[in-house]
Amino acid sequence: MEGASFGAGRAGGAIDPVDFLKQPQTILRATAWIFSIVVFGSIVNECYVNKDGTDPELRCIFNDNESACSYGIAIGVIAFFGCIFFLVVDFQFQQISSVKDRKRAVLLDLGFSGFLSFLWFVSFCFLANQWQRTTMSRGAWQGADAARAAITFSFFSIIVWVALALKALQRYRLGTDMSLFATDQFAADPNAAYPGYPTGSGIESTETYQSPPFTESSEANPKGYQVPAY
């Protein structure tokens with residue numbers, strides 16, 4: 001984008017909600033938000049099962065490992081609120097007038113997206129490993145679809161968050177056009193002298209008085225008096 005700063009135009013520009021919703025970054029965040037709901041929703045609702053139908057205690061379907069369910073829920077909730085936060089940041093990004101604040105927002109997005117990509121990778125590996133070790137029982141069969149959904153969408157979440165990290169990296173590499181924010185009123189060096197008053201062309205006129213705006217006669221005396229006409 002020509003004349004852009006970290007992927008956005010001049011600060012204070014109008015925001016078009018339709019164009020915002022069509023942006024690839026917005027679509028990716030919405031997709032990541034939906035995937036997070038699927039993961040923690042599946043685990044909370046159907047991955048705590050009664051193994052043999054007689055034990056009243058509900059156990060985690062992933063090899064009775066409570067840590068597996070807790071980890072999947074925690075990552076899903078973090079991703080859920082993270083998507084909401086960065087959607088708001090993206091929507092208000094063009095209203096940020098400070099270059100430093102824009103840079104911080106992009107770096108925060110890059111770091112968070114990269115970190116979530118790693119956490120989702122761990123979640124996928126952890127849940128898949130524990131599911132392979134699960135002894136299938138009547139309760140396990142009942143929650144099998146939810147367990148597979150949590151594993152599958154954990155894998156999809158890795159792809160989406162990596163894509164978000166790459167988008168943030170692309171925005172960071174775009175940098176900023178300082179002409180959008182800086183002016184030439186003051187020198188960049190704090191020790192530089194204050195700019196002087198403009199002097200125009202630099203040539204001073206030696207003429208002090210100008211001729212009066214009246215029609216002069218064809219002859220005038222050296223002292224500037226006009227000869228009256230009779």
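Reckoned from all heavy atoms, side chains included, excluding hydrogens, waters and symmetry mates.
Between Phe62 and Trp131, the ring-plane angle classifies as perpendicular under the 30° and 60° cut-offs. Using the six-membered ring where Trp is involved, Phe124 and Phe155 have ring planes that are tilted, between 30° and 60° apart.
Applying the salt bridge (charged side-chain N to carboxylate O under 4.0 Å, His left out) test to pairs two or more places apart or on separate chains, none has a residue in residues 67-81. Within the structure, salt bridge (charged side-chain N to carboxylate O under 4.0 Å, His left out) contacts touching residues 69-80 (residues at least two apart or in different chains) do not occur. Listed by first then second residue, pairs satisfying salt bridge (charged side-chain N to carboxylate O under 4.0 Å, His left out) with a partner in residues 38-50 number zero, not counting sequence neighbours. Annotation: side-chain hydrogen bond (donor to acceptor under 3.5 Å, both in side chains) contacts involving residues 31-41, sequence neighbours excluded, are absent. For residues 104-120, the salt bridge (charged side-chain N to carboxylate O under 4.0 Å, His left out) pairs, not counting sequence neighbours, are Arg29-Asp109, Asp101-Arg104, Asp109-Arg171.
A 6.0 Å sphere centred on CZ of Phe121 holds no more than 12 heavy atoms belonging to other residues, nucleotides or ligands.
Contacts of Ala128 classified as side-chain contact (heavy atoms from CB on, under 4.5 Å), with partners at least two apart in sequence or in another chain: Ile151. With sequence neighbours left out, Tyr71 forms a side-chain hydrogen bond (donor to acceptor under 3.5 Å, both in side chains) with no residue at all. Looking at residues two or more places apart in sequence or on another chain, you find a side-chain hydrogen bond (donor to acceptor under 3.5 Å, both in side chains) between Gln130 and Asn63, Asn65. A search for side-chain contact (heavy atoms from CB on, under 4.5 Å) contacts involving Leu166 returns Val162, not counting sequence neighbours. Every residue two or more places apart in sequence or in another chain was checked for a side-chain hydrogen bond (donor to acceptor under 3.5 Å, both in side chains) with Ser157, and none qualifies. For Cys83, there are no disulfide bond (SG atoms under 2.5 Å apart) partners two or more places apart in sequence or in a different chain.
Residues Val88 and Phe20 do not share a hydrophobic cluster, clusters being chains of Ile/Leu/Val/Met/Phe/Trp/Tyr side chains in contact below 4.5 Å. Residue Ile158 is not grouped with residue Ile27 when hydrophobic side chains (ILVMFWY) are merged at heavy-atom distances under 4.5 angstrom, including chains of intermediate members.
Checked against a 6.0 Å centroid threshold, the rings of Phe112 and Trp161 count as neighbours. Ring to ring, Phe153 and Phe156 are close: their centroids are under 6.0 angstrom apart.
Under a 4.5 Å side-chain heavy-atom cut-off, the cluster of Ile, Leu, Val, Met, Phe, Trp and Tyr residues that includes Leu110 is completed by Leu169.
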